[in-house]
Protein chains: 2
Amino acid sequence: MSQPSGPRPTASPSLTERRKAATQLDIARAAAELFAEKGPDDTTAEEIAGRAGVALRTFYRYFRSKQDAVGPLLSSGGDRWRALLAEAGPGAGLAQALESAAVASLSTPDDVANEGMRWTRGLLRAARHDPALRAVWYRVNQESEEKLQPVVARLAGPDADPLEVRLVAAAATDAIRVAFETWATTDAETLGEDSPARLVVRCLRELTGGLRLVRNGR
Amino acid sequence: MSQPSGPRPTASPSLTERRKAATQLDIARAAAELFAEKGPDDTTAEEIAGRAGVALRTFYRYFRSKQDAVGPLLSSGGDRWRALLAEAGPGAGLAQALESAAVASLSTPDDVANEGMRWTRGLLRAARHDPALRAVWYRVNQESEEKLQPVVARLAGPDADPLEVRLVAAAATDAIRVAFETWATTDAETLGEDSPARLVVRCLRELTGGLRLVRNGR
DNA sequence: CGCCTTAGTGGCACGTTTTGCCATTTCGAC
DNA sequence: GTCGAAATGGCAAAACGTGCCACTAAGGCG
């Protein structure tokens, strides 16, 4: 649609699927740019659609609301984390698995991941003055927590208490969230001293270190 | 505005303030009723305003959106809890204070509190099928967490790490949230075996039991 | 190769949401 | 009782969000 990346015949689902994903990202970037420039409520959905090169009607096929458009930028990091966690074998304890996956997903100098983190910082700063944008951040985290539950359940084994699994997922998600919110208030790099990775590790250890399910291992 | 409660010259800020609070509650109840009857998106803001006996324009002076109208019903419980916590002296440890305040705010057969819990259950059930309503629940919890931070900070003492204070507030809020969400899926009474109070205690102990700040006491 | 089914897109119309502005009423202080 | 401030209501308009239909591109099949 806009990113004329060479048509790689590598993996990927199908050509149409990739197009759709690219369009979604185009819209998301356009929205994030405009939100950063003028603030979310001085930006109309039509402007976002226009900059992304789609019709207004199409915009609302991809996102249910104006603010939702930046969702993919905010959730991509969590998606990476969960994907890594899902692959992880039951080698180490639950706490170790959570932490390793987080560090792995954050410390790679990956282009996409880095871009996501920068957008996240900008959006979190804009969200300080915009309730609707904050709502998107809450929703993204909430959905991340829900999607995290089955992953944690698998790592914890089949006889784990569902309520405890849920609390672990909630605590872990909170750790990530608080770490990013803290990082967003600073000007620290994505990899340096006050990097998200360091903060996440600290928050994770603090929050999940005492959970029974985590201490018992699997 | 509608509840013709006798003009008690007891405490309360001013007459106007009480009127405003009453109006807000009237709107909130009207919204919750209609949401339960027809679902949030088959309900128009005008209907809510009409049932509450105010003009549409006035509705939007009290709430920034249709779904927001039920906010007060969802947040009242947390407000009670925080108020109790703010009064608590530094006698016991932080965990004990959190738990005691929660139990106290939940186990009283108070009319208002009970009403709030019933509304909460109905709204949480409706929220399962309505993203916008879920967003209100997220927002309420988030704001509760933010308002909880200074209270926790006071209980933790002046030399506590702000980041740890924040994590405690997040964990405690999550405990309440998960407990209520779990309770909402059951038909248990507000005071019985699977009561919110029991669940909250269990979640709180699980989540905050291992936090350094909590263990160290003050 | 042409045909057909399917999915994605754009355009339009419409009801609803939400806000700005101003007139009117009500409350509280004096 | 009178005055200023705050709350309310009504009106209009911008923007949001959705249902509907026509159009086009993509992939499967004879």
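Here the structure is a predicted model, which is why all the values come from computation and not from measurement. Note that these values count all heavy atoms, side chains included, but never hydrogens, waters or copies made by symmetry.
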Query raised in the report: Taking the inter-plane angle between the rings of B:F180 and B:W183 on a 0 to 90° scale, is it parallel (under 30°), tilted (30 to 60°) or perpendicular (over 60°)?
Result: perpendicular
**Report entry** Between C1' of C:dT26 and CD of B:E17, the distance in whole Å
**Finding:** 14 Å
Query - Side-chain (B:R82) to main-chain (B:V151) donor-acceptor, under 3.5 angstrom - result: no
Report task. Let me know the distance between CZ of B:R19 and C1' of D:dA7, rounded to the nearest Å. Result -> 11 Å
Report summary line: Residue set satisfying salt bridge (Lys or Arg N to Asp or Glu O under 4.0 Å) with B:R51, at least two apart, ordered chain then number -> B:E33, B:E37
Query raised in the report: Picking from D:dG9, D:dA7, D:dT8, which would you name as closest to the side chain of B:A55?
Result: D:dG9
Report task. Using atom CG of A:D42 as one end and atom P of D:dC16 as the other, report the distance to the nearest whole Å. Result -> 11 Å
Query - Rounded distance (Å) that lies between atom P of D:dC16 and atom CD1 of A:I48 - result: 8 Å
Query raised in the report: Given atom NZ of A:K20 and atom P of C:dT9, what is their separation to the nearest angstrom?
Result: 7 Å
Requested in this report: Give the B/S/- string for nucleotides 13-20 of chain C, one per nucleotide from 5' to 3', where a protein heavy atom under 4.0 Å of the base yields B, of only the sugar-phosphate yields S, and otherwise -.
Outcome: ----SBBB
Query raised in the report: Does the side chain of A:S195 come within less than 4.5 Å of A:L106's, by heavy atoms?
Result: no
Query - No-hydrogen, no-angle side-chain donor-acceptor test under 3.5 Å, A:W137 and A:E181 - result: yes
Query raised in the report: Would you find a donor on one side and an acceptor on the other, under 3.5 Å apart, between the side chain of A:K66 and the backbone of A:T43?
Result: yes
